[in-house]
Amino acid sequence: MNELVLGFKEMDHAELSLVGGKGFNLGELSKMNGISVPEGFCVTTEGFRKATEPNEAFHALVNRLAALTPGDRDLIREISSDIRQTIRRIEIPGEVVAAVTHYLIPFGEECAFAVRSSATAEDLPHASFAGQQDTYLNIVGKEAIFAHISKCWASLFTERAVIYRMQNGFDHSQVHLSVIIQKMVFPYASGIMFTADPVTANRKVLSIDAGFGLGEALVSGVVSADCYKVQEEKVVDKRIAAKKIAIYSQENGGTETQSIDPHRQKQQVLTEEQILQLARIGRRIEAYFGCPQDIEWCLAEETFHIVQSRPITTLYPIPEANDQENHVYVSVGHQQMMTDPIKPLGLSFYLLTTPAPMRKAGGRLFVDVTRMLASPDSRERLLNTIGQSEPLIKDALTKVIKRGDYIRPVSVETCEPHPGQSQKAASPANTQTESQLEPGVVPILIKNSEASIEELKQTIRTKSGADLFDFIVEDIQQLRKVLFNPQSIQVIMASMNALTWINEKLYEWLGEKNAADTLSQSVPNNITSEMGLALMDVADVIRPYPQVIEYLQRNKDDWDGLVHVEGGRPALSAIHDYLGKYGMRCPGEIDITRTRWSENPAALIPVIITNIKNFGPNASSRKFEQGRQEALAKEQEILERLRQLPDGELKASETKQRIDQIRNYAGYREYPKYGMVSRYFVYKLAILKEAEKLVEKNVIQEKEDVYYLDFEELKEVIRTNQLDYRLISKRKDDYKRYEKLTPPRVMTSDGEMIIGEYRRENLPAEAIAGLAVSSGLIEGRARVILNMEEANLEDGDILVTSFTDPSWTPLFVSIKGLVTEVGGLMTHGAVIAREYGLPAVVAVENATTLIKDGQRIRVNGTEGYIEILG
């Protein structure tokens, strides 16, 4: 076997680095009985190395490229072009020429070939890199083949391939190219087959695109294709396209575009029998590779030939189930306003905390709601609860229910409790009626939680090793008692019910929409809104000291010298006091592994500087008092208007009771999560001390490695001081892959993403629909911000982002409106927007791409839509 050239049937798994992903997959396909793969061979990456390694100009250019980022488009274009020219000028080494010639002889001089690129970073299970390098069809003659080998080598450095590698973290110098030389097939028809529906991700639906002639027309997008959907050996959907052109091979080499006769343009390319035959081939290939496949095929002389198969890397993973039943999963991240992936240690802590039926997939958590949907009673409760806060999830679940037999019905007794609710908390016997709640119950609940956390801090200091993990498991039971305390849940439900009642009744009686939004402003005991105002107070301490401001802007990560700057000591004291109360918070805080503000105080500096710039002294107290006065004025106005109605005194009395419930209890909605992340931070600090010991013993390389182990795995590593580090490396690679995935709100066990829709009429033309969560109408400059630390806001800006959790609250004091892609009526961003009086629209699909940074927009937080003004 020659390492410079390998025939398809000479490859085994060890040769992936020699033939690249595309070449390796062709080798695997060639081993399958009954699958027709056109004959061919690969010029291995060793040939590419022999050609380029002696060339100093090539290496110098690649080194220049390595210093760039995807944003350096002009330089990338220039250097990539220089590299391609350099490669095309390199003479193909004589030993490569001899090896290729040897493999060409059996085909004869007149044989035509497809010459294709196959990079080592291509067609991989986690990154397809599809279409990044070049393919040439109908190449005839030895000299032409060698010329196109050089062209393929050069295509490793097309601008698109270079940028794609940068975005996926591949080193240009470590990626090499093999070239596939494959006997040309002259097809009647060709196309692409996905063994999972590329639109819905349903693994049970196979999708076939088909056109006349060569598949190049379909792949390049110059012609529409027929589309056939196959499920369980049946063609369940067909779309016949008007195919006006096709690409065919020319007699002397190369290809040409031809017009299709008008009477054939609407002709179905494949017969029903051929569609099902091809689908069976697709399922066989999928089973062989063990995952859904993107397959290129062609039909010639009544035979289907497979010319490529690669993994579909864009599908979201399916949560694991231990049975063959249908399941429906709802995203936890969309309800928690944190759709980023969570590291394994973070996942296991959340699973220890919640009693809901959770499943993991793609580094995220999903609730299995199948059993809740299976009973009419629990289904209605679930839809009513989710419908109030997450209409897109409710609509998606309703679509599944309408399928009739997708979920088998079960009795009420076997149903799970509602997500996030324990059996005890769900029992009416364990709760008080809303009228029995005392107004002073909230301070008592907060005091008890704080006392419990202080006790935890003292006790955990005495724990280490495996005993620490046993203690944490015990303490999490205490955390669960706090989170699912029946009285605590009753307080939250009282405010939520009061808010719903106010909005419904005042719309019915007065024709006023979302009246509760104004009444919710500046309520007491809201730990999250207080956090935002408290950072304005930190700005007040720093504002008189220009040297401190300059130092913080210049030295965000180095504070040692701040004590020597005028005003530095009071500034440090104010920041440390703030961190003492709120330092356990951070973006994505439900993941225990995320870096907290106490661990990286520099994250707060841009917000502090913005507060200094946008506000004057004592702005926090003025802002809170302004909101309180607006709420009181609204209350008086509503009560006076109600008293003018029939039965007005009764209506006013009932409304006053609900207003008091909002004012007394709404602020507490934010506290249980604050208590949870406070406990999480105590656990984390104790675990990191154990991680430092593992570093000292050379068990792990850095203490953050423990984030890639789940709770029980880490306990065992600490007990034994043994770990196969390859597990950490694999988990890190998995996490990088998960970061590129977008989790669906609702998915099924078939992998199908169920998309919810807003069902509203009479929206303005071109309006972008979302969920109205905080009333008002505001116009301003859109600031599209994906990372809180990069925020540079001016007073009056409208924040547009993927999602916000409590850590984003300090930004809310500087904005006049909010738009997010994720969220619901009672998620944190919505609650704080109402308290601060900010018009807000959430659950806006693709908001951060539809709205451009700097555009002027109008946010209608009453009706739930955004308009782009210019």
Side-chain angles (χ1 to χ4, degrees), residues 126 194-205 207 229 231 291-292 311-321 325-342 347 350 356-370 372-373 382-383 386-387 389-403 406-407 419-420 588 590-591 734-735 737-759 769-771 786 801-803 805 820-824 827 842-850:
H126 58 279
F194 296 95
T195 63
D197 191 311
V199 177
T200 68
N202 191 336
R203 269 64 159 188
K204 290 186 176 178
V205 175
S207 178
K229 301 289 179 74
Q231 186 171 7
C291 64
I312 305 175
T313 60
T314 56
L315 296 174
Y316 198 86
I318 304 173
E320 287 188 15
E325 300 291 329
N326 293 331
H327 290 264
V328 181
Y329 306 103
V330 170
S331 165
V332 172
H334 284 84
Q335 298 172 77
Q336 287 292 333
M337 297 289 277
M338 210 293 274
T339 55
D340 290 345
I342 300 175
L347 288 171
Y350 200 91
M358 294 285 182
R359 304 290 181 266
K360 295 184 288 186
R364 280 91 169 175
L365 289 169
F366 293 82
V367 182
D368 187 343
V369 297
T370 313
M372 284 172 269
L373 294 177
L382 175 64
L383 292 179
I386 282 188
S389 60
E390 291 278 357
L392 291 178
I393 291 180
K394 178 183 178 181
D395 186 66
L397 292 176
T398 302
K399 289 180 179 179
V400 177
I401 293 167
K402 286 180 179 178
R403 294 179 179 178
Y406 188 80
I407 298 171
I590 63 171
D591 179 357
D734 288 343
Y735 185 79
R737 186 166 76 253
Y738 297 153
E739 285 183 301
K740 299 180 177 69
L741 299 175
T742 301
R745 282 181 166 83
V746 177
M747 71 185 304
T748 71
S749 49
D750 297 333
E752 182 181 4
M753 298 181 293
I754 312 296
I755 308 299
E757 301 171 79
Y758 291 109
R759 304 184 184 279
L771 175 65
L786 302 181
T801 190
S802 300
F803 55 83
D805 59 10
T820 66
E821 294 180 333
V822 175
T827 46
V842 303
V844 181
E845 294 279 5
N846 303 313
T848 59
T849 52
L850 294 173

Do N202 and T200 pass the side-chain hydrogen bond (donor to acceptor under 3.5 Å, both in side chains) test, and can you show the C-alpha distance, the side-chain angles, and the key distance before you say yes or no? CA-CA 5 Å; N202 191 336; T200 68; 5.0 Å; no
Ignoring hydrogens and geometry, is there a side-chain-to-backbone donor-acceptor pair from D805 to G588 under 3.5 Å? yes
Minimal heavy-atom distance between T314 and L741, with the atoms involved, is O-CD2, 4.3 Å
Please examine the side chains of L383 and I401, heavy atoms only from C-beta on, and report whether any two atoms are closer than 4.5 Å. yes
With rounding to the nearest 0.5 angstrom, report the CG to CZ distance, D368 to R359. 5.0 Å
Give a yes or no answer on whether the side chain of S331 reaches the backbone of H334 with a donor-acceptor pair at less than 3.5 Å. yes
Which of V844, T848, V842 passes side chain to side chain contact (heavy atoms under 4.5 Å, CB included) with E821? It is T848
Is the shortest side-chain heavy-atom distance between L315 and I312 below 4.5 Å? yes
List the steps and the verdict of salt bridge (charged side-chain N to carboxylate O under 4.0 Å, His left out) for D750 and R203. CA-CA 5 Å; D750 297 333; R203 269 64 159 188; over 6 Å; no
Given side chains that start at C-beta, do those of P292 and P311 come closer than 4.5 Å, heavy atoms only? no
Does a side-chain N-to-carboxylate-O contact under 4.0 Å join R759 and E757? yes
Taking every non-hydrogen atom, the tightest pair across V328 and L397: CG1-CD2, 3.7 Å
When you measure from the side chain of R364 to the backbone of I342, do you find a donor-acceptor pair of N or O atoms at a distance under 3.5 Å? no
Considering only heavy atoms from C-beta outward, does the side chain of Y329 approach that of P744 to under 4.5 Å? no
Show the nearest heavy-atom pair for residues M747 and P319, with the distance to one decimal. SD-CD, 3.8 Å
Any side-chain heavy-atom pair of P357 and F366 under 4.5 Å: no
Taking all atoms of both residues into account, what is the closest heavy-atom pair of L771 and Y758, and its distance? N-OH, 3.4 Å
Indicate yes or no: at least one non-hydrogen side-chain atom of Y350 is less than 4.5 angstrom from one of V332. yes
I need the minimum non-hydrogen distance between P341 and Y735, along with the two atoms involved. O-OH, 3.5 Å
From L786 CG over to F803 CZ, what is the distance, rounded to the nearest 0.5 angstrom? 9.5 Å
One pair to check against side chain to side chain contact (heavy atoms under 4.5 Å, CB included): M338 and V822. What are the steps and the verdict? CA-CA 8 Å; M338 210 293 274; V822 175; over 6 Å; no
Nearest-0.5 Å distance that lies between atom CG in L373 and atom CD1 in I407: 4.5 Å
Could you check if a side-chain atom of D197 sits within less than 4.5 angstrom of a side-chain atom of K229, using non-hydrogen atoms only? yes
Under 3.5 Å: donor-acceptor pair, side chain of Y316, backbone of A361: yes
Output the distance between atom OG (S802) and atom CE (M337), rounded to the nearest 0.5 Å. 10.0 Å
Does atom NZ of K360 have more than 12 heavy-atom neighbours, drawn from other residues, nucleotides or ligands, at distances under 6.0 Å? no
Within this structure, what is the CG-CD distance for the pair L365 and Q336, rounded to the nearest 0.5 Å? 10.0 Å
Report yes if some heavy atom in the side chain of M372 is under 4.5 Å from a heavy atom in the side chain of V367; otherwise report no. yes
Under the salt bridge (charged side-chain N to carboxylate O under 4.0 Å, His left out) rule, what do R745 and E845 come out as? Steps first, then yes or no, please. CA-CA 11 Å; R745 282 181 166 83; E845 294 279 5; 3.0 Å; yes
Nearest heavy-atom contact between V369 and L382 is CB-CD2, 4.0 Å
